[in-house]
2 protein chains.
Amino acid sequence: MSRSNPRVLSTLERAGGFASAQEIYRLMQREGESIGLTTVYRALQSLVNDKIVDVLRRDDGEAIYRLCGEAHHHHLVCKGCGDTVEIEGGAIEKWAKAMAEEHGFRDVGHTAEIFGLCTKC
Amino acid sequence: MSRSNPRVLSTLERAGGFASAQEIYRLMQREGESIGLTTVYRALQSLVNDKIVDVLRRDDGEAIYRLCGEAHHHHLVCKGCGDTVEIEGGAIEKWAKAMAEEHGFRDVGHTAEIFGLCTKC
DNA sequence: TACGGAAATGAAAATCATTTTCATTTGTGA
DNA sequence: TCACAAATGAAAATGATTTTCATTTCCGTA
Ligand SMILES: [Zn+2]
Ligand SMILES: [Zn+2]
Ligand SMILES: [Zn+2]
Ligand SMILES: [Zn+2]
């Protein structure tokens, strides 16, 4: 039942290991690959089931898929131009762990983003 | 420009301070209140702008709105039952500020949520 | 009180990501 | 070659959210 289409996986890698289904589909189209949107969705679903990729949500609700095993990191996003800087979590990682423990939560993850205006904006 | 319809706010309160736009709309209908879905969405949007409610996403992508104290804080959310604990940012506040400075960003804000399974789940 | 413009409202249509359906193609073992 | 299961993808369906736009409600002023 492994529908983990390798072309979809490789496109996700090429996209920086971080993209939505629609973006992956458009990227493959642009590169001349013949594939259906449905297949992209099914492949991503399968990769999620196999725990090869992670899924989370953009602020607008669109699902974004991320290769697992990539180093965990956070983002600094410019509200003006959309420029994004990947940053280390540092203190956050400890904070999240401590808070979870304090309240008896297990199997925890976290999200953390910083947004503002970059030097150019 | 305050479209923060008080009936919508009071319904959100009655719903336990935690509901989606569709749920609030259905609840108001069931209680015989005359209101349009569009107005519910606009009222919630306005409440978010006024920072009277928080918005986050269910796993299926649907936006849920939650009443929120005005002090800046973060959340520890149970993936199982949806239980939410408001927590202090502590280290995060400094981290966000430091990261923004390091990259020359100004006018910055941040989001940070921790999710996992609570003791009951 | 009557008028006029601004803000609010909501029904219906549009948008958009995602899922479902279903007919067709492809792959594989006997 | 044959039969059959799995994969594929176009098109339709779904469902939340947004947009449009005509109508109604408010409010300040003459
Ligand atoms: Zn910028
Ligand atoms: Zn982290
Ligand atoms: Zn729980
Ligand atoms: Zn904070």
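Each chain gets a letter, A, B and so on, in the order its sequence line appears, and its residues count up from 1. Nothing here was measured: the structure is a model prediction, and the numbers come from that model.
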Taken to the nearest whole Å, CZ/A/Arg3 to P/D/dA5 is 15 Å

Those residues at least two apart in sequence (or on a different chain) that pass salt bridge (charged side-chain N to carboxylate O under 4.0 Å, His left out) with B/Glu62 are B/Arg58

When rounded to whole Å, the CD to C1' distance for the pair B/Glu33 and C/dG10 reads 15 Å

Scoring nucleotides 16-25 of chain D by protein non-hydrogen atoms under 4.0 Å (B base, S sugar-phosphate only, - none) yields SBBB------

Taken in chain and number order and not counting sequence neighbours, the residues that satisfy salt bridge (charged side-chain N to carboxylate O under 4.0 Å, His left out) with B/Glu13 are none

Here the distance between atom P of D/dT8 and atom CG of A/Leu44, to the nearest Å, is 13 Å

Sequence neighbours excluded, the answer for salt bridge (charged side-chain N to carboxylate O under 4.0 Å, His left out) partners of A/Glu113 is none

### Query
Hey, is the side chain of A/Thr39 poking within less than 4.0 Å of OP1 or OP2 on D/dT8, counting only N and O atoms?
no

Apart from A/Leu56 itself, its cluster of hydrophobic side chains linked below 4.5 Å comprises A/Phe18, A/Ile64

Residues passing the salt bridge (charged side-chain N to carboxylate O under 4.0 Å, His left out) test with A/Glu101, sequence neighbours excluded, are none

Rounded to whole Å, the CG-P distance (A/Asn5 to D/dA7) equals 11 Å

In whole angstroms, the gap separating P of C/dT19 from CG of B/Asp60 amounts to 10 Å

note: A/Ile24, atom CD1; C/dT18, atom P; distance rounded to Å ~ 11 Å

Problem - Side-chain (A/Thr11) to main-chain (A/Arg7) donor-acceptor, under 3.5 angstrom - result: yes

